[in-house]
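Let me begin by presenting the structure, written as structure tokens, before commenting on it.
Just so we're on the same page: letters track the sequence lines, and every chain starts at 1.
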Amino acid sequence: GAGVSQSPSNKVTEKGKDVELRCDPISGHTALYWYRQSLGQGLEFLIYFQGNSAPDKSGLPSDRFSAERTGGSVSTLTIQRTQQEDSAVYLCASSVTGIGGADTQYFGPGTRLTVL
Amino acid sequence: AQSVAQPEDQVNVAEGNPLTVKCTYSVSGNPYLFWYVQYPNRGLQFLLKYITGDNLVKGSYGFEAEFNKSQTSFHLKKPSALVSDSALYFCAVRDRGGGFKTIFGAGTRLFVKA
């Protein structure tokens with residue numbers, strides 16, 4: 001079956017511009033996660049969605065970052081007024097339920113964001 | 001607060017030799033523990049996880065990991081390394097009583113030489 005897909009695969013933008021990154025989770029997965037992977041660093045948790053519950057936004061680094069998930073499926077991560085330190089690979093993952101915490105997460109290929 | 005430490009940035013091993021990639025964690029409660037692998041130009045793939053029960057967990061591609069509660073460790077092992085095992089390995093932890101946030105380590109790059 002189809003895995004997690006993300007678009008675009010690469011995005012180059014100028015400092016100060018807004019960007020939108022898209023994630024299509026595996027069909028039927030109710031949990032969706034966003035992470036950021038900076039060069040030489042591990043994955044940094046950003047935000048988590050589970051069904052219709054309020055998302056866990058505790059990992060968002062600033063109020064320039066926001067995310068939404070429409071219809072319990074596709075998610076968009078928006079970064080406003082991008083800064084050079086936002087340059088990273090943004091990874092999306094989904095899992096069956098997320099409830100209980102033992103779910104295996106399935107990752108997309110990522111979007112490489114470069115802010116000039 | 002949850003945290004994961006992978007003390008080695010890089011591990012080098014000869015093909016056919018056993019390999020160990022180290023991971024220690026800190027959570028306030030009981031953990032779920034995971035290992036993921038990232039091959040060059042590919043996304044992260046799940047290897048194995050510890051939920052409960054037997055402390056020795058077997059996963060994909062011949063890998064296994066042992067949960068050691070007293071040492072708060074979850075080291076990844078394989079009896080005989082392959083060149084194709086060369087990749088970036090991430091340990092991750094989730095506090096089963098603390099929500100759904102998963103904390104990943106910084107990663108360990110494994111090089112297996114022929």
Please tabulate, for the side chains in residues 60-68 of chain B, all donor-acceptor contacts under 3.5 angstrom to protein atoms that are two or more places apart in sequence or on a different chain.
| unit_1 | atom_1 | unit_2 | atom_2 | d |
| --- | --- | --- | --- | --- |
| B:Tyr61 | OH | B:Gln45 | OE1 | 3.3 |
| B:Glu64 | OE1 | B:Lys58 | NZ | 2.8 |
| B:Asn68 | OD1 | B:Ser70 | N | 3.2 |
| B:Asn68 | OD1 | B:Ser70 | OG | 2.8 |
| B:Asn68 | OD1 | B:Gln71 | N | 3.0 |

same_hphob_cluster(A:Tyr33, A:Leu91) at 4.5 Å side-chain heavy-atom cutoff:
yes
Applying a strict under-4.5 Å side-chain criterion to I, L, V, M, F, W and Y, I'd like to know whether A:Ile79 and A:Leu46 cluster together.
yes
So which part of A:Tyr106 gets closer than 4.5 Å to some heavy atom of chain B, the side chain, the backbone, both or neither?
neither
Among residues 107-116 of chain A, those lying within the under-4.5 Å heavy-atom range of chain B are A:Phe107, A:Gly108
Given a strict heavy-atom distance threshold of 4.5 Å, which part of B:Leu33 is in contact with chain A: side chain, backbone, both, or neither?
neither
Should B:Tyr25 and B:Phe90 be regarded as members of a common hydrophobic cluster, given that ILVMFWY residues are connected when their side-chain heavy atoms come within less than 4.5 Å of each other, either directly or indirectly?
no
Acceptor/donor pairs from residues 106-114 of chain B side chains to any protein atom, 3.5 angstrom cut, sequence neighbours excluded:
| unit_1 | atom_1 | unit_2 | atom_2 | d |
| --- | --- | --- | --- | --- |
| B:Thr108 | OG1 | B:Gln6 | NE2 | 3.1 |
| B:Thr108 | OG1 | B:Glu8 | O | 2.7 |

Heavy-atom distance under 4.5 Å to chain A: side chain of B:Tyr36, backbone, both or neither?
side chain
At a heavy-atom separation under 4.5 Å, does B:Ile51 approach chain A through its side chain, its backbone, both, or neither?
side chain
Closest heavy-atom pair, B:Lys49 versus A:Asp103, reported as atoms and distance to 0.1 Å, is NZ-C, 4.0 Å
So do the side chains of B:Gln2 and A:Phe45 get within less than 4.5 Å of each other, counting heavy atoms only?
no
Say whether B:Leu44 and A:Val89 are linked into one hydrophobic cluster, either directly or through other cluster members, by side-chain heavy-atom distances under 4.5 angstrom.
yes
Are A:Val4 and A:Trp34 connected in the hydrophobic side-chain network, where two residues link if heavy atoms are under 4.5 Å apart?
no
Engaged part of A:Ile47 at the chain B interface, taking heavy atoms whose separation is under 4.5 Å:
neither
Distance col, row A:Tyr48:OH vs B:Thr102:OG1, nearest 0.5 angstrom, shows 9.0 Å
Taking atom CD as the centre, does A:Glu14 end up with more than 12 heavy-atom neighbours from other residues, nucleotides or ligands that are less than 6.0 angstrom away?
no
Within a strict 4.5 Å, meaning less than it, do heavy atoms of the B:Gln38 and A:Leu43 side chains meet?
no
With sequence neighbours left out, write down each residue that passes side-chain contact (heavy atoms from CB on, under 4.5 Å) with B:Thr20, or none if nothing qualifies.
B:Lys22, B:His75, B:Lys77
Is chain B contacted by the side chain of A:Gln105, its backbone, both, or neither, given a heavy-atom distance below 4.5 Å?
both
